[in-house]
Amino acid sequence: MEYDFRSIEQKWRNNWRENQTYKVSEDNSKKKFYVLDMFPYPSGAGLHVGHPLGYIASDIYARYMRHQGWNVLHPMGYDSFGLPAEQYAIQTGQHPAITTENNIARYREQLDKMGFCYDWNREVRTSDPSYYKWTQWIFKQIFESWYNKDTDKAEPISSLISKFEENGNYGVNAAMEDDWYTKIDKSKFFFSEKWEGDFSDTDWRSMSNEQKELILMNYRLTYLADSMVNWCPALGTVLANDEVKDGRSERGGHPVEQKLMRQWSMRITAYAQRLIDDLEKIDWSESIKEIQRNWIGRSEGASVKFMVEGSAYEIEVFTTRPDTIFGVSFLTLAPEHELVSLITTTECKSAVEAYQNAAKLKSERDRQSDVKNISGEFTGAYVIHPFTGDKVPVWIGDYVLAGYGTGAVMAVPSGDQRDFDFAKKFNLPIPNILENTDISEKAEPSKEIKLVNSSFLNGMVYKDAVKKVIEELEKLGCGKGKINYRLRDAVFSRQRYWGEPIPVSYEGEVPMVAADSALPVILPEVDKYLPTEEGEPPLARAQDWKYDRNTMPGWAGSSWYFLRYMDPQNNDAFVSREKADYWGQVDLYMGGAEHGTGHLLYSRFWTKILFDLGFIGFNEPFKKMINQGMILGRSSFVYRIQGTNKFVSFDKKDEFDTQALHADISLVDNDVLDTEAFKNWLPEYRDTEFILNEEGKYICGTEVEKMSKSKYNVQTPDELVEKFGADTLRCYEMFLGPVEQSKPWDTKGINGVHNFLRKLWRLYHNQANECSVSDETATKAELKVLHKTIKKINDDLNRFSWNTVVSTSMIAVNELTDLKCNKREILEPLTILISPYAPHLAEELWERLGMKGSVTVAAWPEFNASYLEDDAFDYPVSFNGKTRFFISLPTTMEKDEIEKAALSHEKAAQYLDGKTPKKVIVVPKKIVNIVA
RNA sequence: GCGGGCGUGGCGAAAUUGGUAGACGCACUAGACUUAGGAUCUAGCGCCGCGAGGCGUGGGGGUUCGACUCCCUCCGCCCGCACCA
């Protein structure tokens with residue numbers, strides 16, 4: 001009888017469930033630690049071996065911290081609203097709630113098999129009404145807030161209304177929609193008795209309710225507005241910027257087009273600066289911080305207004321190089337820019353409209369791939385240069401993006417390559433404003449060159465010129481310093497069924513948010529999950545539906561779920577302030593880096609709002625994050641000889657003209673194909689013939705690819721758990737390499753890890769499989785193994801290096817086997833040390849040793865350095881009485897051996913003084929330190 | 001183009017503060033054992049060389065007594081962003 005993982009794991013799973021071993025509660029006498037995994041979307045395919053990688057690592061860490069005496073919150077749940085369940089519903093008519101329920105059951109089964117120590121009492125599901133009630137409630141709070149730029153935080157809308165009642169909006173410094181499509185310059189729109197300018201409107205108090213609401217809509221942190229959105233016709237919904245990759249939808253890869261639609265948006269732009277600044281406060285990888293910084297895209301510069309000649313219109317541009325303003329030779333507007341139709345002269349009208357239409361027809365993707373093709377059209381209009389008074393022609397061109405800055409640029413061909421190319425193509429002037437610089441071939445963007453032909457900026461370089469020119473622009477009132485962000489407000493409406501209803505009804509144009517008592521607004525039943533014939537979203541099919549017909553995006557529920565785990569059953573609040581204060585930030589967040597611009601940004605955003613409004617006491621959700629790498633599949637290939645049903649082994653395939661086809665990896669063992677199983681796999685292969693190699697085997701070719709059903713390379717954890725046990729799988733996944741790294745899945749090494757666990761088992765059991773632990777006192781050598789292991793495992797876990805933790809355990813077990821050590825004194829602590837990777841096994845052994853109580857509350861063994869005292873690894877080597885270098889040697893070496901080793905460094909020492917040292921003195925480091 | 005990361009045996013990798021490079025595991029080789037197991041045990045396993053010895057962490061250079069580690073440069077790979085004004 002050997003290590004019987006099946007019965008051990010079964011037994012402990014039941015034990016944990018019956019005893020609620022992993023249930024946690026708030027306990028003020030203990031320090032808290034919050035370990036969280038990104039919760040999964042329960043897809044129909046179930047878990048593959050890539051999913052658990054991060055779960056295993058965080059589970060190990062959670063156990064470790066629990067052993068160390070921390071009160072550890074380690075929950076799991078499901079991000080259960082989403083597209084696949086809805087698409088499945090459209091195809092089959094099955095309600096997405098049922099699909100989701102089934103998938104969750106499957107996930108749960110798989111997760112349980114792997115022995116995770118989650119507190120399932122705290123499970124959350126975003127699609128559960130008791131959960132999305134609070135998603136809707138948070139939406140309400142955001143709706144009832146505005147962003148005060150003076151206090152630099154969100155405040156309840158009531159504080160804004162008091163300001164309005166007092167002074168109107170004069171002097172109100174709020175974050176507002178910065179969207180040129182609407183073309184309302186809100187900085188000039190005032191309703192106040194104190195305002196004496198031209199645009200004064202009526203007094204706040206005398207306005208109708210509807211008027212008030214429409215004004216407030218411009219201030220709310222979530223607002224309804226006509227915005228240019230990514231419309232995906234194939235999916236029938238709008239998408240947020242982060243859901244679009246290369247002009248196609250991230251899910252499904254369907255084309256996406258730009259469309260003006262009335263939509264809910266979240267004013268994330270108000271938080272742009274804080275989202276950048278607070279990255280400094282969190283322990284995330286540099287790469288993911290950088291992804292967020294790029295996405296927010298802060299750039300410093302100036303906005304400059306150009307008056308259109310002979311009209312009252314003015315064109316505002318954003319530039320990062322206001323210092324080059326004397327090099328402007330034309331302006332370019334995005335073809336969609338609203339002013340285009342208003343300023344274009346009659347002679348140019350038809351050409352400009354043709355260009356606009358052509359641009360409209362181009363998809364975002366075509367436009368991007370057409371980058372090298374310079375195109376544009378003259379509008380016939382001119383603007384006046386604010387300093388020189390020169391006439392500057394206004395062009396349109398699709399190299400100017402509608403969605404960035406103001407959708408208009410001042411073109412400086414001498415300094416910007418795109419402007420240069422445009423000028424060359426259309427024969428526009430290229431004035432040189434750079435001292436001693438040849439710009440006949442290309443633009444020169446350097447900031448170090450002195451300016452010439454630039455009036456009051458002559459002789460200055462960028463750094464000084466920018467300050468000066470902004471000063472002058474402000475004096476003239478036609479420009480100012482400005483920080484521009486690439487980040488856009490986040491579109492919040494989705495024309496879909498399987499999501500949270502937006503708890504808003506309408507009275508005319510005015511949105512009325514539902515009362516708290518009306519929450520949750522339950523997702524209604526519909527006859528079909530498709531849009532109506534009129535193109536209305538699926539919710540329009542619901543009977544007597546009086547709310548908004550859109551639903552919330554997938555990221556709504558996932559932006560705050562980590563808070564709900566703290567207080568999952570609370571019916572009076574999304575989380576009580578007390579519990580939120582106790583558990584606080586997530587101390588360790590484990591998940592994929594692919595959410596860099598989505599979930600991770602939106603959760604930070606919502607956390608900051610909830611912090612500003614005083615619901616929670618921290619403004620960053622995830623203190624430390626580790627991004628596990630993707631586990632790639634290792635596909636197997638068979639080689640069919642063209643036009644036949646003969647398949648040739650990989651090592652002989654070059655003798656034939658072959659076609660590579662995927663073979664299911666379950667038919668392949670160590671790259672050898674089970675030919676009989678292959679014949680029975682798919683009907684088309686029934687009559688296959690094989691050309692085998694010399695050894696009579698059919699060898700498959702391999703390739704590393706993303707795991708996918710169509711490539712037949714998906715490895716489910718279930719099969720491996722069945723074959724080797726959960727502990728082996730867990731250890732093996734950790735042993736594959738650094739958790740952050742992407743790596744191909746390869747089961748070749750799994751035996752080694754399995755054997756390690758068997759070896760551990762044998763330390764406790766004799767050949768008859770009887771527990772055979774002795775109470776003899778451990779020897780010094782044995783204690784040394786133990787304490788070296790404790791130290792190393794502590795160190796490795798504290799630097800989140802799970803793979804070396806497993807290695808260290810293997811070394812320890814090897815050494816104890818060599819010492820034939822089965823002393824209780826050693827094995828008990830060793831068991832706890834190894835338990836993070838082999839929980840079931842450790843606990844089984846623990847019980848067989850007759851220990852009382854639960855392992856999860858047992859203390860992690862203390863490291864005792866005294867056992868390593870004479871095991872000083874670093875010996876300084878002295879020549880001529882001077883310490884020259886250190887060598888690391890094991891203490892088991894005799895003194896003359898050490899000297900011999902040191903002497904081998906003589907050559908190195910020769911470089912020091914040019915001569916061979918006479919004497920080598922070797923002393924332990926510690927003594928040297930004391931002398932010094 | 002910009003930004004981030006990486007490059008070590010046949011393979012996955014380790015080396016934590018600049019100090020014995022390749023721990024641990026896989027694969028492989030030879031042997032032992034056996035109630036034949038996906039078992040265990042012993043020995044070997046970076047490259048060249050019979051050997052002494054020499055070489056070796058992508059290439060080249062530098063700092064240092066000493067470099068996988070720090071600096072410069074080139075090459076290669078991965079990831080993110082990209083007509084962002």
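Because the structure is a prediction, the values reported are computed rather than measured. Every chain is numbered from 1, with letters handed out A, B, ... down the list of sequences.
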Which nucleotide in [options] has an atom nearest any side-chain atom of [X]:
X: A/K723; options: B/rC24, B/rG38, B/rG4; value: B/rG38
X: A/V400; options: B/rG80, B/rC41, B/rA85; value: B/rA85
X: A/E290; options: B/rU40, B/rA85, B/rG4; value: B/rG4
X: A/I291; options: B/rC41, B/rG80, B/rA23; value: B/rG80
X: A/D818; options: B/rG38, B/rU16, B/rU42; value: B/rU42

In short, salt bridge (Lys or Arg N to Asp or Glu O under 4.0 Å) pairs touching residues 323-335 of chain A with sequence neighbours left out are A/R321-A/D323
[N] versus [M] - spacing of their [atom1] atoms, nearest Å:
N: B/rG4; M: B/rG9; atom1: P; result: 27 Å
N: B/rU17; M: B/rU64; atom1: C1'; result: 16 Å
N: B/rU8; M: B/rU69; atom1: C1'; result: 12 Å
N: B/rA21; M: B/rC47; atom1: C1'; result: 14 Å
N: B/rG37; M: B/rG59; atom1: P; result: 48 Å
N: B/rA14; M: B/rC24; atom1: C1'; result: 8 Å
N: B/rC65; M: B/rG58; atom1: P; result: 24 Å
N: B/rA43; M: B/rU35; atom1: C1'; result: 27 Å

Which whole-number value in Å describes the distance from [X] [atom1] to [N] [atom2]?
X: A/R758; N: B/rG25; atom1: CZ; atom2: P; result: 15 Å
X: A/I631; N: B/rC78; atom1: CD1; atom2: P; result: 20 Å
X: A/E740; N: B/rG5; atom1: CD; atom2: P; result: 13 Å
X: A/L487; N: B/rG80; atom1: CG; atom2: C1'; result: 16 Å
X: A/R486; N: B/rC81; atom1: CZ; atom2: C1'; result: 7 Å
X: A/N294; N: B/rG80; atom1: CG; atom2: P; result: 12 Å
X: A/R293; N: B/rG5; atom1: CZ; atom2: P; result: 11 Å
X: A/Q628; N: B/rG5; atom1: CD; atom2: P; result: 20 Å

Using heavy atoms to find the nearest nucleotide of RNA chain B for A/N814 and A/V409 separately, return the residue whose nucleotide is more 5′.
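Upstream on the strand: A/N814.
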The answer to which of A/S375 and A/I288 contacts RNA chain B further toward the 5' end, by nearest nucleotide, is A/I288
Aromatic ring proximity, centroids under 6.0 angstrom, A/H765 and A/Y3
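Between A/H765 and A/Y3, which both carry aromatic rings, the centre distance is not below 6.0 Å.
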Would you check if the distance from the ring center of A/H754 to the ring center of A/Y732 is below 6.0 Å?
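No - the distance between ring centres of A/H754 and A/Y732 does not fall below the 6.0 Å cut-off.
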Listing, residues 286-297 of chain A side-chain donor-acceptor contacts under 3.5 Å, not counting sequence neighbours, or none:
residue : atom : partner : partner atom : Å
A/E286  : OE2  : A/R293  : NH1          : 3.3
A/S287  : OG   : A/S285  : OG           : 3.3
A/K289  : NZ   : A/L279  : O            : 3.0
A/K289  : NZ   : A/I282  : O            : 2.9
A/E290  : OE1  : A/R293  : NH1          : 2.6
A/Q292  : OE1  : A/R604  : NH1          : 2.6
A/Q292  : NE2  : A/G596  : O            : 2.8

Is A/N755 close enough to B/rU40 that one of its side-chain N or O atoms is under 4.0 Å from OP1 or OP2 there?
yes
Can you see if the side chain of A/R418 gets near the phosphate of B/rC84 - specifically, an N or O under 4.0 Å from OP1 or OP2?
yes
Between A/L53 and A/K743, does the side chain to side chain contact (heavy atoms under 4.5 Å, CB included) criterion hold? Intermediate values first, please.
CA-CA 11 Å; A/L53 183 70; A/K743 52 222 156 192; 4.0 Å; yes
My understanding is that only residues two or more places apart in sequence, or in another chain, count here; which of them pass side chain to side chain donor-acceptor pair (under 3.5 Å) with A/R298?
A/Q273, A/E300
Please determine whether a side-chain nitrogen of the Lys or Arg among A/D795 and A/K791 lies less than 4.0 Å from a carboxylate oxygen of the Asp or Glu.
yes
Indicate yes or no: does A/D746 engage A/K748 in a salt bridge with an N to O separation below 4.0 Å.
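The answer is no: the pair does not qualify as a salt bridge.
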Counting primed atoms, P, OP1 and OP2 as sugar-phosphate and everything else as base, the B/S/- map of nucleotides 10-15 of chain B against protein heavy atoms under 4.0 Å is --BSSS
Defining pairs by Watson-Crick or G-U wobble geometry with both distances under 3.5 Å, how would you list the stems of RNA chain B with at least three pairs each?
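Ordered by first number, the stems with RNA chain B (at least 3 consecutive pairs each) read B:1-7 with B:75-81, B:10-12 with B:24-26, B:28-32 with B:40-44, B:46-48 with B:53-55, B:58-62 with B:70-74.
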May I ask you to decide if the ring planes of A/Y399 and A/F422 are parallel, tilted or perpendicular, using 30° and 60° as cut-offs?
tilted
Polar contact flag, side-chain donor to acceptor under 3.5 angstrom, A/S299-A/Y404:
yes
For A/V400 and A/P335, work out which heavy atoms get closest and say how close.
O-CD, 4.2 Å
Please write out each protein N/O paired with an N/O of nucleotides 32-36 of chain B under 3.5 Å, distance rounded to 0.1 Å.
none

Close side-chain approach of A/T324 and A/M410, heavy atoms under 4.5 Å:
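A/T324 vs A/M410: side chains touch.
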For the pair A/K723 and A/E719, evaluate side chain to side chain contact (heavy atoms under 4.5 Å, CB included) and give the outcome as yes or no after the intermediate values.
CA-CA 6 Å; A/K723 220 164 164 182; A/E719 305 162 32; over 6 Å; no
Take A/Y355 and A/S375 through the test side-chain hydrogen bond (donor to acceptor under 3.5 Å, both in side chains) and record every step on the way to the result.
CA-CA 9 Å; A/Y355 187 80; A/S375 68; 2.6 Å; yes
Is B/rG9 in the syn or the anti form, by the rule that syn lies within 90° of 0?
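For B/rG9, whose glycosidic angle is within 90° of 0, the conformation is syn.
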